[in-house]
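Take a look at the structure set out below.
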2 protein chains.
Amino acid sequence: MEIFEFIKKSPLFGGAEDLYVGLHAKQEVFEKGARILAAGDFCRRVGAMLEGGADVIREDANGDPVTVAHIGEGEMFAEAFAFAGVPLSVSVQASQRCAVLWLDAQSLLAEPRLAANALKIFARKNVFLTERIEHLSRRTLEAKVLSYLKSARRTAGTETFRVPFDRQGLADYLGCDRSALSAVLSKLKKKGVLDFHKNAFRIL
Amino acid sequence: MEIFEFIKKSPLFGGAEDLYVGLHAKQEVFEKGARILAAGDFCRRVGAMLEGGADVIREDANGDPVTVAHIGEGEMFAEAFAFAGVPLSVSVQASQRCAVLWLDAQSLLAEPRLAANALKIFARKNVFLTERIEHLSRRTLEAKVLSYLKSARRTAGTETFRVPFDRQGLADYLGCDRSALSAVLSKLKKKGVLDFHKNAFRIL
DNA sequence: TAAAATCCGTTGTAATTACAACGAAAATAG
DNA sequence: CTATTTTCGTTGTAATTACAACGGATTTTA
C-alpha cells in the first residue's frame with residue numbers, strides 16, 4: 001500500500017492528502033519475526049501498517065506470550081499509547097515482512113483537522129470499548145449474549161439484524177467458549193426468547 | 001462548586017482559566033429525579049457536574065433500569081458520545097438536585113490546547129478500558145484475578161502493591177461475585193501463588 | 001465507649017461453563 | 001462435481017461460579 005493510498009483510506013486523514021505535510025513521517029521495514037514495539041516502551045509515534053502485517057502480543061498469567069490481535073494492512077496501531085504517553089502493555093511483532101509508517105503524535109496534534117479526526121476516532125472507540133465491557137461484565141453467559149444482541153439490534157435499528165461475527169468471533173468478543181455459546185443460543189431459541197439462522201438474529 | 005473551581009481542577013482545562021472564553025457554556029439546574037439525558041439522544045455537549053450528582057442508567061436484559069455508574073461533583077460525562085456523534089446508550093438522571101455546566105463539543109475542538117487535552121484524556125481512558133477488557137475476557141475467575149493483579153503490579157512497579165478497590169469493587173471491576181472472588185483469592189493464597197492482606201498483594 | 005454498619009472470608013447447593021470430542025452441514029478448493 | 005476444510009450444534013463430564021446465608025472482624029457513627 002502506498003503512503004497516499006493509506007492517507008486516502010485512513011479515517012485519521014479523512015482523505016485529505018495535504019494534511020500529510022510537516023508530519024515528520026518515517027517509513028521503516030521490518031523482517032518477519034522482528035520486534036516492532038516492546039512492552040514497557042514509551043512510543044511517541046502512531047504506527048500505520050502500509051504493507052504486510054503484525055501480531056499484538058501480551059503475556060498471559062503464566063508469563064507465556066499470547067497473540068491478542070492482528071494488525072493488517074492499512075490499520076493503525078499504538079495510537080492510544082502514543083497519545084496517552086503511557087508505556088506499552090503489549091508487544092508488536094512482524095508476522096511477515098512489513099512496512100510501517102511512523103507518524104509523530106505531537107505533529108499530528110499540531111494540525112487542527114487531524115486532532116479533530118483523532119478525537120472522534122478515540123471517542124468512537126471509547127464508546128465501543130465501554131459497550132463491550134458492559135456485555136463482558138454480566139455474570140452469566142446468557143446475560144452476556146442477550147446484552148450483546150440487544151445492543152446489536154439497537155445499532156441495526158431493525159427487528160431482524162445480522163451480527164458481524166461468526167460463532168468463534170462472537171465467543172471471543174464475549175470472552176467465552178464457542179460451544180458454550182452455541183449451547184446458550186440453542187437454549188434461548190428453544191425457550192422462545194430468540195430466533196436465529198446463521199448470523200441473522202431476532203429477539204422475540 | 002464554582003465554574004472556575006471546576007476549571008482549575010479539570011484535566012480538560014489543565015487549570016488554564018483563559019481557555020473558558022468562547023465556549024458557549026451554559027449552566028442548567030436539575031431537580032432530584034429529573035432526566036438529564038435520555039438513551040437514544042444525540043448530545044453535542046459535554047456535561048460537567050458542578051453541584052450534586054447523577055446516576056448513569058442502562059436497561060438490563062429484562063428491560064429493567066440498572067444504575068451502572070454515578071457522576072459525582074467535578075466529574076464530566078457524556079464526553080465520548082458528544083465527540084463520537086453517536087446516540088447515547090445510557091440515560092442520566094439526577095440523584096439529587098444538581099447543577100450541570102454544558103460545554104459545546106465543537107467549541108472545545110476549536111481551541112487547540114483543549115483539543116489536545118481531550119485527546120490525551122480519551123487516549124488514557126482507551127488504554128484503561130482495553131486493559132479491563134483484557135482481564136474480563138479471561139475464561140476463569142482465577143485467570144481474571146491474576147491478569148488484573150499482574151497488571152496492577154506492573155503499574156505499581158513494586159513487588160508488594162495496593163489495589164484501589166475493596167473486595168466488592170474488585171468484584172465489580174472483574175464482573176464476578178464478591179464471595180466467589182474471596183474464595184479464589186483464598187485458594188491462590190493456599191496454593192502459595194499469592195499473598196495478600198486487605199488491599200496489599202504480592203505475587204509469589 | 002457502645003451500637004450500628006460495613007467488610008470479608010467461609011460454606012453449601014444449584015446452576016453454569018469450560019473443555020474435549022464428534023458428526024452433520026456448509027463453504028471452499030481443486 | 002468431488003474432496004477438503006471450516007463452521008456449528010450437540011453431548012458428557014469435570015470444574016467453576018453464582019447465589020444466599022452466616023459470623024467474625026473492622027470501621028464508622030452516635
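Naming: A, B, ... by sequence-line order, numbering from 1 per chain. The structure presented is a predicted model; accordingly, all values stated were derived computationally and were not measured.
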Whole-Å distance between [N] [atom2] and [X] [atom1]?
X	N	atom1	atom2	value
Lys191(B)	dA15(D)	NZ	P	13 Å
Gln168(A)	dC19(C)	CD	P	11 Å
Asp172(B)	dC7(C)	CG	C1'	14 Å
Lys190(A)	dT10(D)	NZ	P	7 Å
Arg138(B)	dT16(D)	CZ	C1'	17 Å
Phe201(A)	dC8(D)	CZ	C1'	11 Å
Phe165(A)	dT7(D)	CZ	C1'	16 Å
Leu181(B)	dG9(C)	CG	P	8 Å

Please give me the minimum heavy-atom distance between Leu204(A) and Gly192(A), naming the atom from each residue.
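Here Leu204(A) and Gly192(A) meet closest at CD1-O, 3.3 Å.
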5' priority, DNA chain D, between Lys187(A) and Thr140(A) [closest heavy atom]
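Looking at DNA chain D, the more 5' nearest nucleotide goes with Lys187(A).
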Does Arg132(B) make a cation-pi contact with Tyr173(B) (under 6.0 Å, within 45 degrees of the axis)?
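Yes, cation above the ring, under 6.0 Å and within 45°.
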Within 45 degrees of the axis of the six-membered ring of Phe196(A) and under 6.0 Å from its centre: does Lys189(A) put its NZ or CZ there?
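Cation-pi check for Lys189(A) and Phe196(A): passes.
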Looking at every strand, decide which applies to Asp177(B) at a 4.0 Å heavy-atom threshold: base, sugar-phosphate, or nothing.
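Contact class for Asp177(B): base.
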Base, sugar-phosphate alone, or nothing: which one does Ser182(B) contact when heavy atoms must sit under 4.0 Å apart?
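Base contact.
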Quick check: do Leu149(B) and Ile203(B) have side-chain heavy atoms less than 4.5 Å from each other?
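SC-SC contact between Leu149(B) and Ile203(B) confirmed.
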Which one, dC19(C), dG9(D), dA21(D), comes nearest to the side chain of Arg178(B)?
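Closest of the options to the side chain of Arg178(B): dA21(D).
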So which nucleotide from dC19(C), dG9(C), dC8(D) ends up closest to the side chain of Arg167(A)?
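When the side chain of Arg167(A) is considered, dC8(D) is the closest of dC19(C), dG9(C), dC8(D).
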Using OP1 and OP2 only, check whether a side-chain N or O of Ser179(A) sits under 4.0 Å from dT11(D).
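Checking dT11(D) against Ser179(A), no side-chain N or O comes under 4.0 Å of OP1 or OP2.
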OP1, OP2 of dA27(C) versus side-chain N and O of Lys198(A): anything below 4.0 Å?
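So the side chain of Lys198(A) is within the cut-off, an N or O lying under 4.0 Å from OP1 or OP2 of dA27(C).
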Taking atom types as modelled and ignoring hydrogens, do the side chains of His24(B) and Asp104(B) form a donor-acceptor contact shorter than 3.5 angstrom?
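Absent: no donor and acceptor within the cut-off.
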